[in-house]
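Each residue takes its place number in the sequence, starting with 1. None of these values were measured; they are calculated from a predicted model.
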Amino acid sequence: MEPNSIGQLAKNGAARGVFPWTRVGHRVPLTDAGLIPEVRNGWYTQRCMSIPRYYTIGAVARDLGALKRLDERLAASGVADDALLVLLRRQDERLVGVTLPGVRTRRVESGLRRAQWFEFASAFLGVTAVSVLLGAVHLPTGLSVQAVMTVAAVVGLILYHRRPRLEKQLLRMGLPENLVEEWSVAFPEGFALALVTVPSDLFEEVQEVFLENDDLESPLAVDRRPVL
């Protein structure tokens, strides 16, 4: 099939950012994902490549029971065993591993780096030195300062290790910021974040599984696979 009007075709293609036809020897503009140029009778055309498309669907489960019911319904829908990824707190990892042995899990906490440990130790030793000096002048004051700073350091370390690092981890997976923000807001009140990656032919069915489960918060989807 020869084009009737190159100008009209180019005009229509420019509106979509795609030029379906162009003369051989001319530069071929970037085309839509999944389309490649093909020569027919001296003209470039586009033909579809068989590139599978995947969707990632996620939601925050309120408790272990909600996560278990989701896993059962996904299995009944024909979803692969390794399609479900659960992001959870460290203290819940063993519980999920026993209840759902086939599910992949990933912690959302992260400990202090070596440099951060060095900075923390330096600051704590500095405060201890000040307490010793105060104790030499007035012993009760020095002991009080040292006790308060020790308790503050212990509590700070506990809170730091328990604080979820979900947002940074999801962004490293290449997920959109708007989804990451909403899941990060819902996660502190929930049990775990469940992410399922499925091919396009299973998307509608899996989406219904998420939407029909009232124990899931912020069910959202995106047409990409996370980088694991």
Side-chain angles (χ1 to χ4, degrees), residues 53-74 77 79-117 119-120 152-200 202-228:
R53 190 171 188 176
Y54 287 86
Y55 289 83
T56 298
I57 311 166
V60 175
R62 294 178 181 175
D63 49 38
L64 180 61
L67 189 62
K68 184 177 181 181
R69 287 189 292 273
L70 174 64
D71 180 62
E72 292 173 349
R73 293 202 58 186
L74 290 173
S77 300
V79 176
D81 295 337
D82 60 347
L84 177 60
L85 174 65
V86 178
L87 286 84
L88 38 64
R89 301 171 180 86
R90 181 173 53 184
Q91 65 266 26
D92 299 323
E93 188 174 21
R94 180 175 297 180
L95 178 61
V96 172
V98 172
T99 308
L100 305 171
V103 172
R104 294 180 299 162
T105 60
R106 180 171 293 189
R107 298 178 186 175
V108 297
E109 291 96 344
S110 61
L112 291 173
R113 298 189 301 272
R114 182 176 299 179
Q116 291 175 321
W117 274 114
E119 294 173 358
F120 174 79
V154 172
V155 172
L157 285 174
I158 294 174
L159 293 178
Y160 182 87
H161 281 278
R162 290 176 62 89
R163 181 184 175 187
R165 298 293 188 275
L166 182 64
E167 184 173 357
K168 184 181 294 185
Q169 191 161 349
L170 291 176
L171 290 175
R172 285 200 299 264
M173 293 181 182
L175 297 175
E177 291 186 9
N178 56 335
L179 275 70
V180 171
E181 291 176 359
E182 187 161 346
W183 284 331
S184 298
V185 170
F187 185 80
E189 302 299 326
F191 176 75
L193 173 63
L195 297 176
V196 182
T197 303
V198 295
S200 57
L202 289 176
F203 172 69
E204 295 294 337
E205 187 173 357
V206 173
Q207 181 180 232
E208 289 299 322
V209 171
F210 274 80
L211 294 177
E212 292 174 358
N213 194 333
D214 296 333
D215 294 327
L216 298 178
E217 297 288 342
S218 302
L220 303 169
V222 61
D223 57 341
R224 69 180 67 172
R225 302 179 71 172
V227 180
L228 301 177

Shortest non-hydrogen pair, V180 vs L175, comes out as CG2-O, 3.9 Å
Which pair of non-hydrogen atoms, one from A59 and one from L193, has the smallest distance, and what is that distance?
O-CD1, 3.2 Å
What pair of heavy atoms forms the shortest contact from V60 to G190, and how long is it?
CG1-CA, 3.9 Å
Could you check whether any side-chain heavy atom of R73 comes within less than 4.5 Å of a side-chain heavy atom of E212, counting everything from C-beta outward?
yes
Taking the side chain as everything from C-beta on, heavy atoms only, tell me whether T56 gets closer than 4.5 Å to M173.
no
Counting C-beta onward and ignoring hydrogens, is there a side-chain heavy-atom pair between L100 and L84 closer than 4.5 Å?
no
For V79 and V209, run side-chain contact (heavy atoms from CB on, under 4.5 Å): C-alpha distance rounded to whole Å, both residues' side-chain angles, the deciding distance at 0.1 Å, then the answer.
CA-CA 11 Å; V79 176; V209 171; over 6 Å; no
Measuring from D82:CG to T197:OG1, what's the distance to the nearest 0.5 Å?
9.5 Å
Rounded at 0.5 Å granularity, tell me how far NZ in K168 sits from OG in S184.
12.0 Å
Under 3.5 Å donor-acceptor, W183 side chain and S218 backbone
yes
Mind listing the closest non-hydrogen atom pair of V196 and V198 along with its distance?
CG1-CG1, 3.6 Å
Stepwise side-chain contact (heavy atoms from CB on, under 4.5 Å) test for E217 and E189
CA-CA 10 Å; E217 297 288 342; E189 302 299 326; over 6 Å; no
A side-chain contact here means heavy atoms from C-beta on lying under 4.5 Å apart; do L202 and S77 qualify?
no
Pairwise distance CZ(R69) to CG(D71) - rounded to 0.5 angstrom:
12.0 Å
Is the shortest heavy-atom distance from the side chain of L88 to the side chain of L67 under 4.5 Å?
no
Would you say D81 has more than 12 foreign heavy atoms packed within less than 6.0 Å of its CG?
no
Distance, nearest 0.5 Å, that separates CD of Q207 from CD of E204:
5.5 Å
What is the minimum heavy-atom distance between L195 and G58, and which atoms define it?
CD2-CA, 3.8 Å
Looking at side-chain heavy atoms only, is the closest gap between V206 and Y55 below 4.5 Å?
no
Spacing of E181 atom CD and L171 atom CG [to the nearest 0.5 Å]:
8.5 Å
Taking salt bridge (charged side-chain N to carboxylate O under 4.0 Å, His left out) as the definition, give me every residue that meets it alongside E93, ordered by chain and number, with sequence neighbours left out.
R107
pair L220-F210: side-chain heavy atoms closer than 4.5 Å:
no
Do the numbers put R89 on top of the ring of F187, so that NZ or CZ is under 6.0 Å from the six-membered ring centre and no more than 45° off the axis?
yes
Do F191 and V96 come close enough that some side-chain heavy atom pair is under 4.5 Å?
yes
Looking at A66 and D215, what are the two nearest heavy atoms and their distance?
CB-CB, 3.3 Å
In terms of heavy-atom contacts, does CG of N178 have more than 12 from other residues, nucleotides or ligands at under 6.0 Å?
yes
